[in-house]
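In what follows, a single structure is set out as structure tokens and then discussed.
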Amino acid sequence: MGIRSIGARLTCWYTGILCVTLLVLGGAAYGLLTYSLSHDLDAALEGVAKVSAEQARTEGGPFLPRGVDELFRHFFGFSPLNPSLELFDTRGRRNLTRPGSPATRLPLSPHTLEQALRGASTFETIEGAGPYPFRVLTMPVIKAGRVINLVQVGISLESMYQTRRHFLLIMGALLPFGLLLAAVGGWVLARRALKPVDEMTRAARRLSGENLADRIRETGTGDELDRLAQTLNDMLGRLDDFLGQMRQFSADAAHELQTPLTILKGEMEVALRSPRSPEEYKKVLLSSLEEIDRISSLVAGLLLLARADRGVLRLDLQPLELHELLKEVAAQMHLLAENHGVSLDYGPVEPAVIQGDREHFQRLLLNLIDNAIKYTPSGGRVTLSLRSDGQLVHLSVADTGMGLSPEEQKQIFHRFYRAAGARTQSGGGAGLGLSIAQSIAQAHGGRIEVASTPGQGSTFTVSLPVESTADIPSAS
Ligand code: ADP
């Protein structure tokens with residue numbers, strides 16, 4: 001089973017990497033140490049051999065090594081253990097041993113002798129002469145082009161082996177200690193660095209559909225985890241808002257449906273309480289029909305919005321002469337405007353053709369013009385205009401009505417929202433008209449904007465691409 005904590009995995013990884021690195025570095029250092037010790041030792045042996053050979057050559061006759069200890073100390077920098085310096089004759093016999101004779105007598109192999117007689121020096125490592133091997137240099141003493149003697153210089157490798165052993169001991173002791181320190185330090189650091197992740201996990205567990213108010217603590221360091229916490233908090237904020245809107249929407253929808261249903265029920269109950277004349281029943285039925293119309297228009301509006309939200313609004317796209325449609329709808333609304341004492345006029349109306357669903361656009365225009373008449377007091381004016389700038393068609397419905405505050409302008413496209421002025425006014429709708437108009441405009445690749453001054457009037461402008469091809473398929 002894998003390690004499930006990132007902190008533990010990170011610690012394992014980098015302790016492992018550190019271990020490999022230390023082993024490689026240690027191995028390299030060990031190799032370098034061995035090489036440099038051997039190299040120095042051979043150079044010192046050569047120095048001793050050369051001086052001794054020179055002495056044997058110039059003095060001739062029996063070799064009397066003088067100041068051997070000083071000689072070794074001079075070249076080695078210290079007094080080596082068991083140094084050996086001997087002279088052999090050309091037949092390989094020991095010629096003379098230094099005074100106080102060395103404890104070890106190093107052999108002279110036939111091969112080395114042969115090499116020396118040819119004038120060549122030989123380095124060799126001789127085992128078995130003592131507890132540690134010896135490093136030996138055999139050098140010929142040449143006089144007048146002839147080999148007259150052989151100088152053999154040797155030294156025990158004990159101190160070199162000891163140095164290497166010490167090195168290995170120190171490495172062996174430091175490596176686990178260093179690794180342990182790195183592992184503990186790494187674990188603590190990883191835990192500290194990943195602590196915010198644990199907090200995020202705990203905070204996320206506390207969240208539920210009912211409780212989205214909690215937020216993840218931000219450290220304010222601006223690092224990756226802090227940015228993640230900010231992003232999650234932003235997302236939670238949006239989710240919380242969205243859930244709030246959904247709850248509000250359900251409550252508003254239920255409320256809007258309940259009102260006509262209560263009226264309907266009340267009227268019917270009253271009608272059934274005592275026998276009525278056919279005219280009275282007819283009156284009740286007509287009034288019930290009115291309420292049923294209200295309910296069905298509300299349900300149709302909700303259905304349209306739900307379809308638009310899901311991106312499945314059915315559009316029967318056709319080239320639509322918007323100027324013609326505008327005149328048609330205006331003609332339908334004339335009577336209503338007259339009844340309200342509002343004049344319905346045209347501003348500049350340029351011909352404009354778009355790709356659109358006729359029925360939906362009719363509804364959009366009806367909603368906008370109906371609002372303009374509804375929220376304009378008697379004596380006011382509603383002006384319809386249409387202009388095209390080549391890319392976009394701008395259709396506006398301007399009124400001289402009650403207007404909207406900037407705060408209200410931000411909210412009027414929300415579902416079921418009604419501004420303060422509309423709530424006190426009789427005959428107001430459910431607050432879905434503008435949401436529906438906006439969904440229709442958006443489904444055609446357009447948008448609706450409002451410009452308004454409280455007390456002076458509002459202008460709603462629908463902007464649509466000329467010959468717009470809506471992104472929603474017309475298939476049902
Ligand atoms: P409603 O069915 O209440 O008219 P809408 O979605 O059409 O719903 O409009 C939402 C709110 O926007 C209205 O209740 C009203 O307060 C405000 N509103 C819409 N059109 C106008 C307008 N032309 N002048 C002033 N207020 C308006």
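One-based numbering, in listed order, for ligands and for the atoms of each. Residue numbers start at 1 and run along the sequence shown.
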Considering the heavy atoms of [X], write down every atom of ligand 1 situated less than 4.0 Å from one of them.
{"X": "Ala419", "value": "14 (O), 16 (O)"}
{"X": "Leu432", "value": "6 (O), 8 (O)"}
{"X": "Gly431", "value": "1 (P), 2 (O), 3 (O), 6 (O), 8 (O)"}
{"X": "Tyr417", "value": "10 (C), 11 (C), 14 (O)"}
{"X": "Ala430", "value": "2 (O)"}
{"X": "Arg418", "value": "3 (O), 14 (O), 16 (O)"}

Does ligand 1 have any atom sitting under 4.0 Å from a heavy atom of [X]?
{"X": "Gly401", "result": "no"}
{"X": "Phe460", "result": "yes"}
{"X": "Asn367", "result": "no"}

### Gap between atom NE2 of His323 and atom CG of Leu320 - 0.5 Å precision
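Taking CG in Leu320 and NE2 in His323, the distance rounds to 10.0 Å.
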### Query
CD/Gln411 to CZ/Arg418 distance, rounded to the nearest 0.5 angstrom?
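Reported value, rounded in 0.5 Å steps: 14.0 Å.
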### Query
Heavy-atom contacts under 4.0 Å between Val397 and ligand 1: side chain, backbone, both, or neither?
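No part of Val397 comes within reach of ligand 1.
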### Query
Could Asp309 and Arg415 be called an ion pair, given the rule that one side-chain N must be under 4.0 Å from one carboxylate O?
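A salt bridge is present here (some side-chain N lies under 4.0 Å from a carboxylate O).
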### Query
With the threshold set at 4.0 Å, does a side-chain nitrogen-carboxylate oxygen contact exist between Glu328 and Arg358?
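Counted as a salt bridge, because a side-chain N and a carboxylate O are separated by less than 4.0 Å.
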### Query
Just wondering, do Leu168 and Arg164 contact through their side chains at under 4.5 Å, heavy atoms?
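No, every pair of side-chain atoms sits at 4.5 Å or beyond.
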### Query
Is there a side-chain contact between Val353 and Leu322, using heavy atoms and a 4.5 Å cut-off?
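No, every pair of side-chain atoms sits at 4.5 Å or beyond.
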What I want to know is whether [X] and ligand 1 share at least one N or O pair that is separated by under 3.5 angstrom.
{"X": "Met402", "value": "no"}
{"X": "Lys374", "value": "yes"}
{"X": "Leu434", "value": "yes"}

### Query
With distance as the sole criterion, is a donor-acceptor pair present between the side chains of Ser463 and His394 under 3.5 Å?
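The criterion, which ignores hydrogens and geometry beyond distance, is satisfied for His394 and Ser463.
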### Task
Could you pull out all residues at least two apart from Asp226 that satisfy salt bridge (Lys or Arg N to Asp or Glu O under 4.0 Å)?
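Checked Asp226 against salt bridge (Lys or Arg N to Asp or Glu O under 4.0 Å); zero matches.
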Let me check something: any side-chain donor-acceptor pairs from residues 263-275 under 3.5 Å, sequence neighbours excluded? List them with distances.
unit_1, atom_1, unit_2, atom_2, d
Lys265, NZ, Glu269, OE2, 3.4
Glu267, OE1, Ser287, OG, 2.6
Glu267, OE2, Ser287, OG, 2.5
Ser274, OG, Arg276, NH2, 3.3

